[in-house]
Amino acid sequence: MKFYIDTANIEEIKKAARWGVIDGATTNPTLMAKEGRDFSTVVKEITAILDGQLSVEAMGPEAEKLIKEAREYAKMSKNIVIKIPMTQDGIQAVKTLSKEGIKTNVTLVFSPNQALLAAKAGATYVSPFIGRLDDIGHDGMQVIRDIMAIYKNYGFKTQVIVASIRNPMHVTEAAKAGADIATVPYNVLEKMFTHALTDKGLRMFSDDWAKVAKSSK
Ligand code: G3P
């Protein structure tokens with residue numbers, strides 16, 4: 001399973017990159033706007049830090065505009081993946097881009113049928129937003145399980161990026177469902193490291209280690 005960091009914040013990316021377990025990053029217009037910085041500069045900085053794929057979003061909304069934006073962004077780095085919205089124009093754009101070898105990530109996916117259409121068009125990745133589904137009283141993780149089953153049935157190569165992750169349980173459930181990738185906000189990644197018993201055990205070991213005689217030889 002791959003872990004991406006879901007942020008456009010350089011400090012968070014730098015800190016997470018040091019752990020050595022982050023395979024890439026995903027951004028969206030909201031995450032970019034939050035940084036209040038120039039788009040190209042942020043993209044350059046992220047690709048210099050992370051040796052993995054970086055998703056950036058094309059806005060279109062028409063297919064021609066999405067394709068134009070995608071071609072431009074793809075030139076910025078070999079690691080760029082273009083997020084394309086789940087619309088009729090978006091799927092049309094994905095079909096063209098996949099023939100050109102430009103990697104796509106179909107975003108704002110909320111149903112198995114949307115994921116099926118994205119795979120048919122040749123999307124490299126599909127991003128179902130599970131947290132936003134949970135927010136409206138749906139079962140986001142069931143959508144992931146359904147997509148995994150459908151892709152397996154037909155041997156689709158499109159990889160599933162579980163997005164809109166809100167807590168560590170979402171990551172565990174995504175892994176249990178066999179999702180290819182989880183894109184995780186920095187604060188959730190940090191929580192994945194911790195356990196109260198780990199902290200307690202460390203304190204005990206540290207106290208006991210101080211009682212052990214250590215020869216200077
Ligand atoms: O990057 C897309 C997705 O992860 C957004 O998450 O928290 O805005 O629903 P959220």
Side-chain angles (χ1 to χ4, degrees), residues 1-13 16-17 21-37 39 42-43 45-47 49-50 52-61 66 69-70 73 76-77 79-87 90-91 93-94 103-112 114-115 118 123-145 147-148 158-175 177 179-192:
M1 187 188 200
K2 286 184 176 167
F3 290 142
Y4 289 174
I5 181 165
D6 196 25
T7 187
N9 182 278
I10 298 300
E11 287 316 306
E12 288 183 349
I13 291 171
V21 294
I22 301 299
D23 304 288
T26 50
T27 64
N28 62 35
T30 306
L31 293 171
M32 280 287 176
K34 218 166 122 187
E35 297 310 306
R37 304 179 62 215
F39 170 74
V42 172
V43 170
E45 287 180 13
I46 297 174
T47 51
I49 300 164
L50 278 182
Q53 294 189 332
L54 168 67
S55 284
V56 299
E57 193 146 344
M59 295 306 294
L66 287 166
E69 282 172 74
Y73 297 160
M76 295 169 87
S77 156
N79 286 336
I80 295 288
V81 175
I82 317 299
K83 269 188 162 177
I84 302 282
M86 178 58 227
T87 60
I91 291 303
V94 167
K103 291 190 175 68
T104 54
N105 172 358
V106 175
T107 188
L108 290 167
V109 165
F110 295 95
S111 76
Q114 290 179 322
T124 322
Y125 303 101
V126 68
S127 288
F129 280 23
I130 58 163
R132 292 191 196 184
L133 279 166
D134 290 356
D135 289 346
I136 60 159
H138 289 229
D139 184 353
M141 205 48 71
Q142 189 53 46
V143 172
I144 300 298
R145 287 189 280 267
I147 296 169
M148 296 309 297
T158 303
Q159 293 183 49
V160 176
I161 303 180
V162 180
S164 186
I165 282 181
R166 301 278 160 77
N167 56 60
M169 273 313 288
H170 275 154
V171 182
T172 307
E173 290 300 320
D180 304 279
I181 300 150
T183 188
V184 189
Y186 182 79
N187 71 313
V188 178
L189 283 168
E190 269 194 327
K191 285 181 194 152
M192 287 169 62

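As a basis for the values below, the full set of heavy atoms in this structure was taken, side chains included, without hydrogen atoms, waters or symmetry mates. When a ligand or atom number is given, it counts from 1 through the structure's own listing order. What you see is a predicted model, and the numbers here were worked out from it, not measured in a lab.
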With no hydrogens and no angle check, do the side chains of Tyr186 and Glu11 hold a donor and an acceptor under 3.5 Å apart? no

Is there a polar contact between ligand 1 and Asn28, counting only N or O atoms under 3.5 Å apart? yes

Is the shortest side-chain heavy-atom distance between Asp180 and Lys2 below 4.5 Å? no

Across all chains, not counting sequence neighbours, the ring pair (Phe, Tyr, Trp, His ring centres under 6.0 Å) partners of Phe3 are none

Distance from atom 6 (O) of ligand 1 to nearest protein heavy atom, with residue and atom: Ser164 CA, 3.4 Å

What residue and heavy atom of the protein are closest to atom 1 (O) of ligand 1, and at what distance? Asp6 OD1, 2.9 Å

Result of checking Thr124, Val126, Val106 against Val94 for side-chain contact (heavy atoms from CB on, under 4.5 Å): Val106

Enumerate the atoms of ligand 1 whose separation from the nearest heavy atom of Arg166 is less than 4.0 angstrom. 7 (O), 9 (O), 10 (P)

Tell me, which protein residue and heavy-atom name are nearest atom 8 (O) of ligand 1, and how many Å apart are they? Arg132 NH2, 2.8 Å

Applying a strict 4.0 Å limit to heavy atoms, is Lys83 in contact with ligand 1? yes

Among side-chain atoms of Ser77 and Thr47, is any donor-acceptor pair under 3.5 angstrom? no

